[in-house]
Amino acid sequence: MVVNTPEPDGEEVPELGEDRTDPSTRLEGWRRFIEEDPAVFDLLPEQQWQALSPPMRDAYDEARIAYHSELQVVRTSTVKDIAHQGRLLTLLNQREHGARRGLIVSGEWTTGKTTALKQLGRLHELRVRQRFPGSDRIPVVYITAPPKGSPRKLAMEFARFLGLPVIGPRHNTIDVTSAVCQVLIEARTDLVLVDEIHLLNHATIAGEDLSDHLKYFTEHLPATFVYAGINVEQSGLFTGIRGKQLAGRCVLIRTGPFPLNTEWRSLIASMENTLRLHRHEPNTLVKMVKYLHQRTGGMIGSLSHLVRAAAISAILDGTERITRTTIKNIRIDHSSESSGHSRPSSLPHTG
């Protein structure tokens with residue numbers, strides 16, 4: 001998103017409207033995700049900012065709020081590792097005629113699994129587009145495992161991503177699956193991303209049926225399958241013969257909280273550099289590095305929420321900066337708030 005700031009010279013206030021789009025689990029939404037540039041915003045010079053009329057100030061603030069509401073993707077070591085392993089597998093599987101190797105990303109909630117999964121897909125698709133400009137390929141498919149899944153529900157997730165014509169009750173699971181496989185083969189899809197894989201439990205009959213159907217897709221599509229889910233080792237994914245077979249074909253990467261180290265400090269510095277506030281003191285957040293780790297437990301998702309919410313709050317209340325008080329008053333996820341690393345009664349001095 002490139003934000004054009006308003007000029008205080010009597011121009012009409014820009015219409016912000018609703019910037020709604022299809023989710024990434026639909027082809028159009030996925031393509032928009034791939035094509036969108038990282039959000040950018042340039043602050044107005046002090047004098048020009050002060051001269052804004054109230055309507056212009058409102059429009060300017062709304063644009064900044066929209067900017068801060070977007071998740072700023074930070075290239076963490078985890079994201080880099082998953083991108084590297086994913087690319088290695090797609091290269092190894094290029095000419096594989098037997099069972100292809102896959103990748104499973106497992107970890108706690110808010111540890112960046114989905115972000116890393118989608119960044120892997122984005123990097124892969126951009127490489128394919130660069131190699132085959134102007135083609136009508138669909139290099140990447142991104143779906144989520146259906147809750148209380150069945151083979152038909154899984155096939156429908158693929159069909160919805162592709163935007164296939166409405167499929168009625170007369171079309172059985174084999175019909176839908178065949179149509180999906182034909183389209184994906186013709187579109188030369190070579191990377192399939194399946195999120196929320198912890199919903200697949202091999203300890204249940206429904207989970208076994210869903211697993212068999214997913215295995216059918218892996219065997220009939222010349223693609224690398226990458227999965228992500230919450231603590232899949234304990235979810236039943238590796239249970240039984242099917243689970244052991246999956247475990248024998250997939251590399252496992254675990255995500256987790258960041259330790260209080262140099263990378264954690266770098267993450268906070270990177271997020272602080274994205275702030276667009278007129279009165280924010282540089283390095284305020286960096287000086288809170290220990291507190292922010294204690295408050296979020298090292299969870300990247302919780303840290304991102306905390307910083308972005310604090311920035312928006314600073315715009316709404318007119319302070320234009322993040323302070324200890326601002327951070328203290330921001331509520332984050334219940335897990336972080338109620339666990340052993342919940343916020344203390346007072347914050348450390350930040351200088």
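As a basis for the values below, the full set of heavy atoms in this structure was taken, side chains included, without hydrogen atoms, waters or symmetry mates.
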Which pairs of donor and acceptor atoms, one on a side chain in residues 180-191, lie under 3.5 Å apart (sequence neighbours left out)?
| unit_1 | atom_1 | unit_2 | atom_2 | d |
| --- | --- | --- | --- | --- |
| Gln182 | NE2 | Glu186 | OE2 | 3.3 |
| Thr189 | OG1 | Ile138 | O | 2.7 |
| Asp190 | OD1 | His124 | NE2 | 2.6 |

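Sorted by first and then second residue, the salt bridge (Lys or Arg N to Asp or Glu O under 4.0 Å) pairs with a member in residues 94-112 form an empty list; sequence neighbours excluded. Within the structure, side chain to side chain donor-acceptor pair (under 3.5 Å) pairs that include any residue of residues 130-151 comprise Tyr142-Asp195 (at least two apart or interchain).
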(request) Please lay out, stage by stage, how Arg279 and Glu46 fare under the test salt bridge (charged side-chain N to carboxylate O under 4.0 Å, His left out). (result) CA-CA 10 Å; Arg279 298 286 182 262; Glu46 176 72 14; 2.8 Å; yes
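Between Arg254 and Glu233, at least one side-chain nitrogen of the basic residue sits less than 4.0 Å from a carboxylate oxygen of the acidic one, meeting the salt-bridge criterion. Salt-bridge check for Lys153 with Glu157: failed, with every basic side-chain N at 4.0 Å or more from each acidic carboxylate O. By the 4.0 Å N-to-carboxylate-O rule, Glu36 lies close enough to Arg32 to be salt-bridged with it. Salt-bridge formation is not detected for the pair Glu62/Arg57: no Lys NZ or Arg NE/NH1/NH2 atom is positioned less than 4.0 Å from an Asp or Glu carboxylate oxygen.
In this structure, Phe132 belongs to a hydrophobic cluster whose other members, linked by side-chain heavy atoms under 4.5 Å apart, are Val128. Clustering of Ile, Leu, Val, Met, Phe, Trp and Tyr side chains at separations under 4.5 Å leaves Ile205 isolated, with no partner residue.
Counting only N and O atoms by type, the side chains of Thr296 and Ser302 include no donor and acceptor under 3.5 Å apart. A donor and an acceptor atom, one from each side chain of His68 and Glu70, are nowhere located under 3.5 Å apart.
Take Arg242 and apply the salt bridge (charged side-chain N to carboxylate O under 4.0 Å, His left out) test, not counting sequence neighbours, and it matches Glu208, Asp212.
Between Phe217 and Phe158, the distance separating the two ring centers is shorter than 6.0 angstrom.
Between His278 and Trp49, the ring planes lie parallel to each other; the angle is under 30°, not in the 30° to 60° tilted range.
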